[in-house]
Peer 1: 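Would you mind keeping the following structure in view while I ask a few things?
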Amino acid sequence: AKAEGRNTVRFFDPSMQAAADRQIELERDLRDGIRRQRFELHCQPQFGVGGRLVGGEVLLRSRHAGLELVGPAEFIGLAESSGLIVPLGAMVLQETCRVLARWARDPKLACLTLAVNVSAQQLRQADFVERVLATLVETGAAPHRLCLELTESVFAEDVEDVIGKMHALRAHAVSFSLDDFGTGYSSLSYLKRFPLAELKIDRSFVKDLPGDANAGAIVDAILGLARTLKLQVVAEGVETEAQRDFLVAHGCGVLQGYLFGKPVAMEEFERVWGGAM
Ligand code: C2E
Ligand code: CA
Ligand code: CA
Ligand code: CA
């Protein structure tokens, strides 16, 4: 056994130790960031086809030592694998509800909806429904202004449990959107069973519009499906006028993307779109 142990040591790759150390350091950073409230909400506007602002999607950023802004690609994965996504997600939800309560006093912002990304792990919390409702009550946010974005990964969860939670929140006027639609475990039979209000067409399909016939056919099929199921559709990642024109001509109701506006700090969003608050 001793010889085997030595063998193990002999084959041990020092770069693996370095990676493990790095992982621990990143996790400490993340925990620390949550405690010190180093995260900021950014918001990307969403527009109706007539050009009217209808709401925004909340996107998380991390401010490092008051300097560079770090995007979620850098920390969401770790937050998920470490379980820290649960307190982080709770913070995002609470901040978002505070924003909604504030917006209720501004005539220009009062009619807007805010969409928040919710990870499958958050939804898996036994008291998820109670937490969301408590946050709404605590902040005074109007539930019908809050939309929760889920990904198709929830199809791999305990489906009955997820559907039950969605119904419970929907009974309080909170709505649900299915994010990144078409990229994951799309099961059309599930789609009908989930009480969704909205589908978001993933950027990977929008990207190749209008030139690519396959992308066009897929987007068309999604829009047709949504019409049948009476779901609103948001196209994400709209970057060009040609993409916009295709989407509008094919019946997409809401558009989001760099063509209309990048995500900006929530305060800037309020400055640009709000009246005097
Ligand atoms: P997502 O939910 O699909 O969000 C859309 C992403 O596309 C955002 O990236 C947004 O900045 C980007 N985007 C929007 N319009 C365009 C465009 O026209 N062109 C291009 N190239 N990109 C565009 P971001 O902010 O880096 O977020 C990445 C992902 O991180 C999100 O993807 C979401 O899955 C996750 N995320 C962000 N905030 C949260 C959060 O608070 N909680 C959770 N669980 N996940 C979050
Ligand atoms: Ca999203
Ligand atoms: Ca998305
Ligand atoms: Ca996406």
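First listed ligand is number 1; within each ligand, the first listed atom is number 1. Basis for what follows: all heavy atoms, side chains included, without hydrogens, waters or symmetry-related copies.
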Peer 1: Can you check which of Val118, Val238, Leu88, Asn117 brings a heavy atom nearest to atom 33 (C) of ligand 1?
Peer 2: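 Of the listed residues, Asn117 has the closest heavy atom.
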
Peer 1: What is the name of the N/O/S atom of Glu57 that is nearest to the Ca ion (ligand 2)?
Peer 2: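 Result: OE2.
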
Peer 1: Closer than 3.0 Å to the Ca ion (ligand 2), do we get an N, O or S atom from Asn117, backbone or side chain?
Peer 2: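 Yes, within the cut-off.
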
Peer 1: Do ligand 1 and Glu57 have nitrogen or oxygen atoms that lie under 3.5 Å from each other?
Peer 2: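 Yes - when backbone and side-chain N and O of Glu57 are compared with those of ligand 1, one distance drops under 3.5 Å.
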
Peer 1: Look only at interatomic distance and state if Asp180 has a nitrogen or oxygen under 3.5 Å from any nitrogen or oxygen of ligand 1.
Peer 2: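 Min N/O separation from ligand 1 is below 3.5 Å for Asp180.
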
Peer 1: Are Phe181 and Phe205 close enough that their ring centers fall under 6.0 Å?
Peer 2: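 Not under 6.0 Å, so no.
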
Peer 1: Side chain or backbone, does Gln122 bring an N or O within less than 3.5 Å of an N or O on ligand 1?
Peer 2: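 Such a contact does not occur with ligand 1.
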
Peer 1: With the Ca ion (ligand 3) as the reference point, give the N/O/S atom of Asp179 that is nearest.
Peer 2: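 Within Asp179, restricted to N, O or S, the Ca ion (ligand 3) is closest to atom OD1.
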
Peer 1: Output the atom name for the N/O/S atom of Glu149 with the smallest distance to the Ca ion (ligand 2).
Peer 2: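 Closest N, O or S atom of Glu149 to the Ca ion (ligand 2): OE1.
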
Peer 1: Please confirm whether the ring centroid of Phe260 lies under 6.0 Å from the ring centroid of Trp273.
Peer 2: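 Ring centres of Trp273 and Phe260 not closer than 6.0 Å.
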
Peer 1: Against heavy atoms of Ile76, which atoms of ligand 1 measure under 4.0 Å?
Peer 2: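 Going through ligand 1 atom by atom, the ones under 4.0 Å from Ile76 are 43 (C), 45 (N), 46 (C).
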
Peer 1: Please confirm whether Leu60 comes within less than 3.5 Å of ligand 1 when only nitrogen or oxygen atoms on both sides are compared.
Peer 2: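 Yes, at least one N or O pair falls under 3.5 Å.
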
Peer 1: Parallel, tilted or perpendicular: which describes the rings of Phe246 and His250, with under 30° parallel and over 60° perpendicular?
Peer 2: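 Plane angle under 30°, so parallel.
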
Peer 1: State whether Glu239 and Arg244 are salt-bridged, where the test is any N-O pair (Lys NZ or Arg NE/NH1/NH2 against Asp/Glu carboxylate O) under 4.0 Å.
Peer 2: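 Looking at Glu239 and Arg244, the cut-off is not met.
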
Peer 1: Angle subtended at the Ca ion (ligand 3) by OD1 of Asp180 and OE1 of Glu236, to 10 degrees?
Peer 2: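 Value returned, to the nearest 10°, is 140°.
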
